[in-house]
Q: 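So that we are looking at the same thing, I have put the structure below in structure tokens.
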Amino acid sequence: DALRFTLLVGSTPGNDMNLSLKKVEANRNFANKIWNASRLILGALENAPKSAEAAPQYTSADAWIWARQKQLRQNVKRLFESHQYGEAGRQIYDFFWSEFADWYLEIAKLQMAEGGDRAFYTADALVSVLDTCLRLLHPFTPFLTEELWGYLKAACQEHGGEIGLPDVAEGNWSAALIVAPWPEPMPDEGWENQAINDFELLQEIVRSIRNVRAEKNVKPGQKIPATFVAGEFAHTLEHEAAALANLTRLDLDQVSIHHELAEKPEDSIVLVVGAVEIYLPLAGMVDLAEERTRLEKELAETESQIARLEKLLNSPFAEKAPANVVQGERERLAGFTETAEKLKTQIQNSN
């Protein structure tokens with residue numbers, strides 16, 4: 001399967017390819033990743049309730065993975081219809097490894113531990129996404145996916161509940177994956193883009209805090225306080241505070257989230273992610289003068305982007321380019337401008 005996946009994904013139609021054994025090895029690791037993720041999901045299914053007591057209350061992570069799964073189905077169908085099998089395989093690979101396994105599975109462990117309806121809807125999402133991925137991967141890795149899908153089918157049938165049934169016609173599983181229906185695209189319902197944007201902002205916040213911890217050599221097990229000033233995004237952060245604290249090793253009891261804050265915390269490292277300000281009180285562990293230098297450097301880079309975009313939008317580009325492209329550049333400019341204002345405030349407060 002690893003060799004087959006390498007040949008399908010690494011080739012360009014009409015061209016010869018140089019087969020790299022390192023790529024085959026990497027795709028063998030991908031097969032191991034699928035196997036291990038499937039084992040984790042089957043284990044989670046054993047502890048999930050058989051049904052829910054109330055309507056779903058999805059977290060940002062739930063909404064994001066459902067929305068990305070819908071996008072993946074649409075993209076793979078489009079790529080298959082245009083015979084771009086290599087690109088289809090790459091997108092499935094990236095989704096499974098970089099999004100589903102690296103992000104959603106980690107958050108799902110926390111959600112499963114809550115039990116009740118949260119565990120039910122999390123397990124349902126895990127099973128649905130795994131089922132979709134195995135079906136999409138079947139043309140590329142038939143032996144691995146057939147084996148795992150058989151385990152998934154048996155686990156869902158043994159569970160005897162409602163998990164997994166919405167994606168199975170009339171509640172019945174096919175005899176084998178090779179004859180199971182192909183995952184058809186699902187219509188957009190209007191909430192998908194916002195769900196993706198919200199979770200991507202959460203991802204950037206997590207990466208930023210992790211990067212600072214690494215740069216300042218904060219011990220992995222040491223939990224730290226944090227203050228967030230998030231405007232309209234504060235409501236989302238409040239709902240995701242537990243997951244955010246777990247992913248970044250924050251002390252949940254010392255995490256405060258505000259729409260606005262008149263007096264900003266002093267002697268703190270300040271991170272600006274979009275419209276969200278993050279204050280990490282690491283005084284005593286970092287050089288505050290060095291921190292001001294970092295903020296000034298980040299401001300200079302932001303102002304450089306503002307100048308570039310202003311020049312671009314004042315050029316003939318704004319008249320010749322498609323309206324949606326121009327609007328996208330205007331939105332980027334607005335984002336950089338907002339970030340620059342926040343950075344200026346932080347530099348002023350640090351003096």
Side-chain angles (χ1 to χ4, degrees), residues 1-9 24-52 62 65-66 68-70 72-73 76-77 80 85 88-102 104-106 108-109 111-112 119-186:
D1 273 347
L3 175 61
R4 178 187 178 102
F5 190 83
T6 304
L7 293 173
L8 285 167
V9 172
V24 178
E25 183 180 353
N27 288 323
R28 180 200 63 188
N29 295 338
F30 177 49
N32 287 338
K33 188 81 168 181
I34 299 169
W35 188 273
N36 290 332
S38 299
R39 288 181 59 190
L40 188 153
I41 293 168
L42 294 177
L45 181 60
E46 293 178 1
N47 300 318
K50 294 186 182 298
S51 61
D62 295 332
I65 204 65
W66 282 115
R68 285 292 296 123
Q69 178 194 192
K70 293 175 73 171
L72 182 69
R73 288 186 180 212
V76 170
K77 181 175 183 178
F80 266 47
Y85 306 113
R90 279 187 289 272
Q91 290 202 19
I92 301 169
Y93 178 104
D94 289 340
F95 171 82
F96 192 95
W97 191 307
S98 302
E99 298 182 46
F100 184 52
D102 283 358
Y104 188 70
L105 276 180
E106 291 305 309
K109 294 175 187 177
Q111 296 183 178
M112 289 298 302
F120 172 84
Y121 287 114
T122 300
D124 187 53
L126 288 170
V127 168
S128 175
V129 177
L130 177 61
D131 177 43
T132 295
C133 287
L134 293 177
R135 293 175 194 238
L136 293 176
L137 280 168
H138 191 61
F140 299 91
T141 56
F143 299 101
L144 171 71
T145 51
E146 188 71 71
E147 184 82 3
L148 287 174
W149 194 81
Y151 287 131
L152 181 65
K153 170 185 174 181
C156 286
Q157 290 176 328
E158 183 177 343
H159 183 263
E162 299 173 3
I163 290 176
L165 295 184
D167 277 352
V168 181
E170 299 178 358
N172 298 316
W173 290 79
S174 300
L177 178 56
I178 196 171
V179 294
W182 183 253
E184 293 296 332
M186 298 179 285

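Starting from 1, each residue takes its place in the sequence as its number.
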Q: Using a 6.0 Å cut-off, check whether atom CD of Glu184 has over 12 heavy atoms from anything other than its own residue.
A: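 Buried by this count: over 12 neighbours within 6.0 Å.
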
Q: List the steps and the verdict of side chain to side chain contact (heavy atoms under 4.5 Å, CB included) for Leu126 and Phe100.
A: CA-CA 9 Å; Leu126 288 170; Phe100 184 52; 4.0 Å; yes

Q: If every non-hydrogen atom of Leu144 is compared with every non-hydrogen atom of Asp1, which pair is closest and at what distance?
A: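 In this case the closest contact between Leu144 and Asp1 is N-OD2, 2.6 Å.
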
Q: For the backbone of Asp124 and the side chain of Ser128, can you confirm whether one donor and one acceptor N or O come within less than 3.5 Å of each other?
A: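 Flag not set: sc Ser128 to bb Asp124 has no pair under 3.5 Å.
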
Q: Side chain to side chain contact (heavy atoms under 4.5 Å, CB included) between Thr122 and Tyr104: does it pass, once the steps are laid out?
A: CA-CA 10 Å; Thr122 300; Tyr104 188 70; 3.8 Å; yes

Q: Between Lys109 (side chain only) and Ala44 (backbone N and O only), is there a donor and an acceptor less than 3.5 Å apart?
A: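 It does not hold such a pair.
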
Q: May I ask you to decide if the ring planes of Phe80 and Phe140 are parallel, tilted or perpendicular, using 30° and 60° as cut-offs?
A: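 Perpendicular, since the angle between the ring planes exceeds 60°.
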
Q: Distance from Leu105 atom CG to Met112 atom CE, nearest 0.5 Å?
A: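 Rounded to the nearest 0.5 Å, the CG-CE separation comes to 11.5 Å.
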
Q: Using only atom types and a distance under 3.5 Å, with no angle test, would you say the side chain of His138 pairs donor to acceptor with the backbone of Ala180?
A: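 No.
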
Q: Under 4.0 Å between a Lys/Arg side-chain N and an Asp/Glu carboxylate O for Asp94 and Arg90?
A: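 No, Asp94 and Arg90 are not salt-bridged.
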
Q: Does Glu146 reach the main-chain N or O of Ile178 with its side chain, forming a donor-acceptor pair under 3.5 Å?
A: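 Flag set: sc Glu146 to bb Ile178 pair under 3.5 Å.
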
Q: Please walk me through it: do Leu136 and Trp182 pass side chain to side chain contact (heavy atoms under 4.5 Å, CB included)?
A: CA-CA 7 Å; Leu136 293 176; Trp182 183 253; 3.5 Å; yes

